[in-house]
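Notes to accompany the following structure.
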Amino acid sequence: GPAVVQTYTVVFDREGQPEQGIIIGRLESSGARFFANTPPDASLLWQMTREEFVGRRGRVAHDAATGKNIFSPE
């Protein structure tokens, strides 16, 4: 559901390319904390290195296929 980023990091591969975004945030409905990854979108990951994402709103959903939560910013 709707969520807000509290902290985040971008993980890079050995060639210096962004590989994964990791988000810790709070669900807006309950205030519960969550841990999630971002979609594997290189442009989003580069954007996360150039802009402040703390406080950014978006949606978090559980991906049953991978067993991971995925945060997609607005």
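Hydrophobic cluster membership differs between M48 and V4, with clusters built from Ile, Leu, Val, Met, Phe, Trp and Tyr side chains linked at under 4.5 angstrom. One hydrophobic cluster, built from ILVMFWY side chains closer than 4.5 Å, holds both V54 and F34.
Looking only at side-chain heavy atoms (C-beta outward), R59 and P2 come within less than 4.5 Å of each other. At a threshold of 4.5 Å between non-hydrogen side-chain atoms, the residues N69 and N37 do not count as touching. Residues Y8 and F71 form no side-chain contact, since every pair of their non-hydrogen atoms from C-beta on lies 4.5 Å or further apart.
Among residues two or more places apart in sequence or in another chain, the side chain to side chain donor-acceptor pair (under 3.5 Å) test is passed with S30 by none. With sequence neighbours excluded, the residues that form a side-chain contact (heavy atoms from CB on, under 4.5 Å) with R26 are Q6, R33.
Scanning all heavy atoms of the two residues, the minimum distance from L44 to P73 falls at CD1-CG, 3.7 Å. Between R56 and Q47, the shortest heavy-atom distance links the atoms NH1-NE2, 4.0 Å. Here the shortest heavy-atom pairing between F53 and V5 reads O-CB, 3.3 Å. Taking every heavy atom of both residues into account, F35 and I24 meet most closely at CD1-CG1, 3.9 Å.
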Throw together a table of side-chain donor-acceptor distances under 3.5 angstrom for residues 10-21, partners on residues two or more places apart or in other chains.
from: D13; atom 1: OD1; to: E15; atom 2: N; distance (Å): 2.9
from: D13; atom 1: OD1; to: G16; atom 2: N; distance (Å): 3.0
from: D13; atom 1: OD1; to: Q17; atom 2: N; distance (Å): 2.9

